[in-house]
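Throughout, protein chains are lettered first and strands after them, A, B, ... in sequence-line order, and every chain is numbered starting at 1. Please read these numbers as outputs of a predicted model, since none were measured by experiment.
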Amino acid sequence: MVEIVNVVASGSLNVELDLERLASDMGEPVARYNPEKYPGMYLRFEDDTPLITVYRTGKFIITGASSEEDSYVLRERFLNLLTDMEVIVEPEDEWFSIQNYVCMAELGQNLNLNALAIGLGLENTEYEPEQFPGLIHRPEGMNGVVLLFATGKVVITGCRTVDAAEDIFADLTETISKF
DNA sequence: TGAGCGGCTCCTTATATATCAGCTTCGG
DNA sequence: CCGAAGCTGATATATAAGGAGCCGCTCA
């Protein structure tokens with residue numbers, strides 16, 4: 001069983017936005033806009049809600065959500081706000097989809113990463129403890145990357161669905177049980 | 001030779017994980 | 001005044017986005 005720790009989603013409003021005006025209308029600390037540092041405007045409703053990064057082109061990114069539903073709820077809130085502000089006419093965007101899930105899991109046993117690097121296949125594995133303490137594994141034929149740590153904790157990232165992350169973890173559990 | 005354009009890299013954000021160096025702070 | 005303890009920021013992973021800067025290539 002994997003636990004979702006971060007969801008990244010992106011979408012488009014299909015409308016050119018005046019970020020300077022939007023940022024001043026919304027005001028800090030909800031809106032933060034510093035075009036000299038980065039072209040996107042950051043929008044955060046409350047301290048614990050995910051972050052929305054909005055661009056001049058109308059495209060936006062939601063990061064920091066803890067579930068797919070969390071992302072969709074925030075997108076709804078964002079669209080409603082823009083409708084209320086009369087930036088857009090109807091609360092409907094052109095497209096919106098989940099781009100990346102970051103998940104955490106535990107194998108329940110300590111791992112010998114040196115041995116595991118060989119066991120998982122050197123061609124799909126990178127382990128340089130002097131550079132980073134985790135072993136990086138790219139399971140063959142699957143979209144996603146696994147970070148394995150000596151404590152048995154695992155981070156799975158790069159998946160577009162939770163099922164994909166679950167599949168990767170199931171395969172990993174099975175492979176490791178053979179050692 | 002220089003202008004223009006395409007492609008590439010970096011920046012920023014979230015998030016778990018762990019390990020290092022370097023820095024500040026605190027107590028004896 | 002020094003060692004220990006704690007904190008910060010780097011390391012690496014994925015992913016979207018727009019802009020800046022850089023490099024190489026082509027054409028006039």
**Report entry** Verdict with supporting geometry, A:Ser97 and A:Gln99, side chain to side chain donor-acceptor pair (under 3.5 Å)
**Finding:** CA-CA 6 Å; A:Ser97 61; A:Gln99 300 294 344; 3.3 Å; yes
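A residue-by-residue look at A:Ala150 and A:Thr157 shows that A:Thr157 has its nearest nucleotide of DNA chain B further toward the 5' end. For A:Val8 and A:Pro39, each mapped to the nucleotide of DNA chain B holding its nearest heavy atom, the one lying further toward the 5' end belongs to A:Pro39. Judged by closest nucleotide on DNA chain C, A:Gln131 is the one of A:Gln131 and A:Trp95 placed further toward the 5' end.
Judged by distance alone, with hydrogens and angles left aside, the side-chain atoms of A:Asn100 form no donor-acceptor pair with the main-chain N or O of A:Val8 at under 3.5 Å. A:Arg56 places no side-chain N or O within donor-acceptor distance of the main-chain N or O of A:Asp18, the cut-off being under 3.5 Å. The main-chain N or O of A:Glu174 is found under 3.5 Å from a side-chain atom of A:Ser177 such that the two form a donor-acceptor pair.
A:Tyr101 comes within 4.0 angstrom of no nucleic acid atom, judged by non-hydrogen atoms across all strands. Within 4.0 Å of A:Leu147, counting heavy atoms only, lies at least one base atom of the nucleic acid. Residue A:Val145 is in sugar-phosphate contact alone, with no base atom involved, counting any heavy-atom pair closer than 4.0 Å across all strands shown.
Atom CG in A:Leu113 sits about 16 Å away from atom P in B:dT17, given to the nearest Å. The separation between A:Glu128 atom CD and B:dA18 atom C1' is 16 Å, rounded to whole Å. Here the C1' atom of nucleotide B:dA18 and the CD atom of A:Glu106 are 14 Å apart, to the nearest Å. Here B:dA14 presents its P atom at 14 Å from CD1 of A:Ile62, a figure rounded to the nearest Å. Between A:Phe149 atom CZ and B:dC20 atom P there is a gap of 14 Å when expressed in whole angstrom units. In this structure, A:Leu111 places its CG atom 13 Å from C1' of B:dA18, rounding to the nearest Å. Atom CG in A:Leu74 sits roughly 13 Å away from atom C1' in B:dA14 (whole-Å rounding). As rounded to whole Å, 17 Å separates atom C1' of B:dA14 from atom CE of A:Met104.
Within the model, atoms CE of A:Met104 and CZ of A:Phe169 stand 9.0 Å from one another, a figure rounded to the nearest 0.5 Å.
Residues A:Tyr42 and A:Phe60 do not share a hydrophobic cluster, clusters being chains of Ile/Leu/Val/Met/Phe/Trp/Tyr side chains in contact below 4.5 Å.
Within a 6.0 Å sphere centred on CD of A:Glu16, other residues, nucleotides and ligands contribute more than 12 heavy atoms. Heavy-atom neighbours of A:Asp84 CG from other residues, nucleotides or ligands within 6.0 Å: above the threshold of 12.
An end-to-end axis angle of 60° holds for the helix from B:dT1-C:dA28 to B:dG28-C:dC1, taken from five base pairs per end and rounded to 10°.
Residue A:Thr63 places no side-chain N or O under 4.0 Å from the OP1 or OP2 atom of B:dT15.
In this structure, A:Arg77 forms a cation-pi arrangement with A:Phe45, its terminal cationic atom sitting closer than 6.0 Å to the ring centre and no more than 45° off the ring axis.
Note that the first and last nucleotides of DNA chain C, 5' to 3', having any atom under 4.0 angstrom from a heavy atom of chain A are C:dT11 to C:dG19.
Between A:Ile156 and A:Val154 the shortest side-chain heavy-atom distance falls below 4.5 Å. Residues A:Leu120 and A:Leu135 have side chains in contact (heavy-atom distance under 4.5 Å, counting atoms from C-beta outward).
Less than 4.0 Å separates DNA chain C from at least one heavy atom of each of the following residues of residues 43-61 of chain A: A:Tyr55, A:Arg56, A:Thr57, A:Lys59, A:Ile61.
Judged purely by distance below 3.5 Å, without hydrogens or angles, the side chains of A:Glu69 and A:Ser71 never pair a donor atom with an acceptor atom.
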